[in-house]
**Q** 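Please read through the structure below; I'll follow up with questions.
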Protein chains: 2
Amino acid sequence: MSQVKQPTPHALSSLMTEFENSCRRADLKVTHQRLEIYRELTEAHDHPSAEMLYRRIITRLPTISLDTVYRTLATFEKHGLITRVQTVESQARFEAEMVKHHHAVCSKCGVITDFTWETFDAAQVPDTLAVWGKVFKRHAVLEGICTSCSPKV
Amino acid sequence: MSQVKQPTPHALSSLMTEFENSCRRADLKVTHQRLEIYRELTEAHDHPSAEMLYRRIITRLPTISLDTVYRTLATFEKHGLITRVQTVESQARFEAEMVKHHHAVCSKCGVITDFTWETFDAAQVPDTLAVWGKVFKRHAVLEGICTSCSPKV
DNA sequence: TATATTAATAAGAATCATTACTATTCGTGA
DNA sequence: TCACGAATAGTAATGATTCTTATTAATATA
Ligand SMILES: [Mn+2]
Ligand SMILES: [Mn+2]
Ligand SMILES: [Zn+2]
Ligand SMILES: [Zn+2]
């Protein structure tokens, strides 16, 4: 049900070119490890952990090290190319989807599903927050049971 | 600016009695380690990590072990007595505040501040989520810069 | 109150997730 | 093509959490 749709093959390749440009702008060398990690994360829609990405990438880049995946994800995050997802789990999880969206988490299977919610994005935050400080970003997390985890009737 | 107010000394002691009852209902023995951990977390309003709690408690219970703090927090969480807070950090953080509330996170100092937001609690979730499944809980995370971290003019 | 039962604890070892170190490789600009 | 520095692979180290086990303590019962 994700409303944040997957890129077509063509859109993906232009995404990759844009990614290379971002790297050059940020003075990051365009290595094939970085390309693979970024592409794998872009194609993934399950907010994978570093280790999940590593296991997927190693089939194509058999010598890549887990450390490179961790290091590269941290680099991408620092340059605003990807996002680290807030969870309650011990392993950090990541996404390349930078379009504003929110998360629905199934408390049975743990799957994190993307969705958009314009009325939330536009809603006014409580007045009391003015004294707290300046709000730049907002994110909604819904928790429930996804359809495939619901007991069949 | 937290709208979720701290308990008065009297309210705290009745909270502790209620906590003891919860333990008995859940067939959990009422140990002084559990009482101290629960009380410390109830009085804390900074969503402390297990280690932060440990360092605070050890001044009163010098022989308590860090493992007991971790184990006890996990037990409390399992029985719905406390909550594990979603963060992007490597250390898990906890709170005893079970009144529905949301979080404003300062991206400079990292402090997590509680606030209530009734219009968000009551807002209708997007229709598209119906096909996703059943939503039980919702939580808003705001990110920004808190007043004490804002550059003075 | 004393005793028996069993859960909970403390201490340290083990594991899991992530980061640091270092010799080597590789991307890039001259 | 070459020189340079940044990035990587492999491995060690660290930080966070959980496990193992002998001991202690909470509670039910006599
Ligand atoms: Mn997402
Ligand atoms: Mn809170
Ligand atoms: Zn599910
Ligand atoms: Zn701050």
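Keep in mind that what you see is a predicted model, and the values were worked out from it rather than measured. Per chain, numbering begins at 1; letters A, B, ... match sequence-line order.
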**Q** Check the phosphate of D/dA26 against B/His32, side-chain N and O only, distance under 4.0 Å to OP1 or OP2. Yes or no?
**A**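 For D/dA26, OP1 or OP2 has a side-chain N or O of B/His32 closer than 4.0 Å.
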**Q** Return the value, rounded to whole Å, for the distance between atom OH of B/Tyr54 and atom C1' of D/dG15.
**A** 15 Å
**Q** Would you say the ring centroid of A/Phe76 lies under 6.0 angstrom from that of A/Phe19?
**A** yes
**Q** Reckon A/Gln33 has a side-chain N or O less than 4.0 Å from the OP1 or OP2 of C/dC26?
**A** no
**Q** Report which part of the nucleic acid A/Arg34 touches: base, sugar-phosphate, or nothing (heavy-atom distance under 4.0 Å, all strands).
**A** sugar-phosphate
**Q** Looking at A/Asp67 and C/dA20, is any side-chain donor or acceptor paired with a base atom of the opposite kind under 3.5 Å?
**A** yes
**Q** Is any side-chain N or O of B/Ser65 closer than 4.0 Å to OP1 or OP2 of C/dA10?
**A**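 Yes, because at least one side-chain N or O of B/Ser65 sits under 4.0 Å from OP1 or OP2 of C/dA10.
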**Q** Does C/dA8 have OP1 or OP2 sitting under 4.0 Å from an N or O in the side chain of B/Arg71?
**A**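 For C/dA8, neither OP1 nor OP2 has a side-chain N or O of B/Arg71 closer than 4.0 Å.
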**Q** Are A/His102 and A/Asp114 close enough that a side-chain donor and a side-chain acceptor fall under 3.5 Å?
**A** no
**Q** So B/Ala74, base contact, sugar-phosphate only, or nothing? Heavy-atom distance under 4.0 Å.
**A**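 No contact.
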**Q** Is a salt bridge present between B/Arg84 and B/Glu77, judged by a nitrogen-to-oxygen distance below 4.0 Å?
**A** yes
**Q** Does atom NZ (B/Lys134) have a neighbourhood of more than 12 heavy atoms from anything else shown, all under 6.0 Å?
**A** no
**Q** Rounded to the nearest angstrom, tell me the gap between atom CG in A/Leu28 and atom C1' in D/dG5.
**A**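 Rounded to the whole Å, the gap is 14 Å.
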**Q** Any base atoms under 4.0 Å from B/Ala92, or only sugar-phosphate, or nothing? Heavy atoms, all strands.
**A** sugar-phosphate
**Q** With DNA chain D as reference, determine whether B/Gln91 or B/Lys29 sits nearer its 5' end, using the nearest nucleotide of each.
**A** B/Gln91
**Q** Could you state the atom-to-atom distance from CG of A/Leu61 to C1' of C/dC26 in whole Å?
**A**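 Rounded to the whole Å, the gap is 14 Å.
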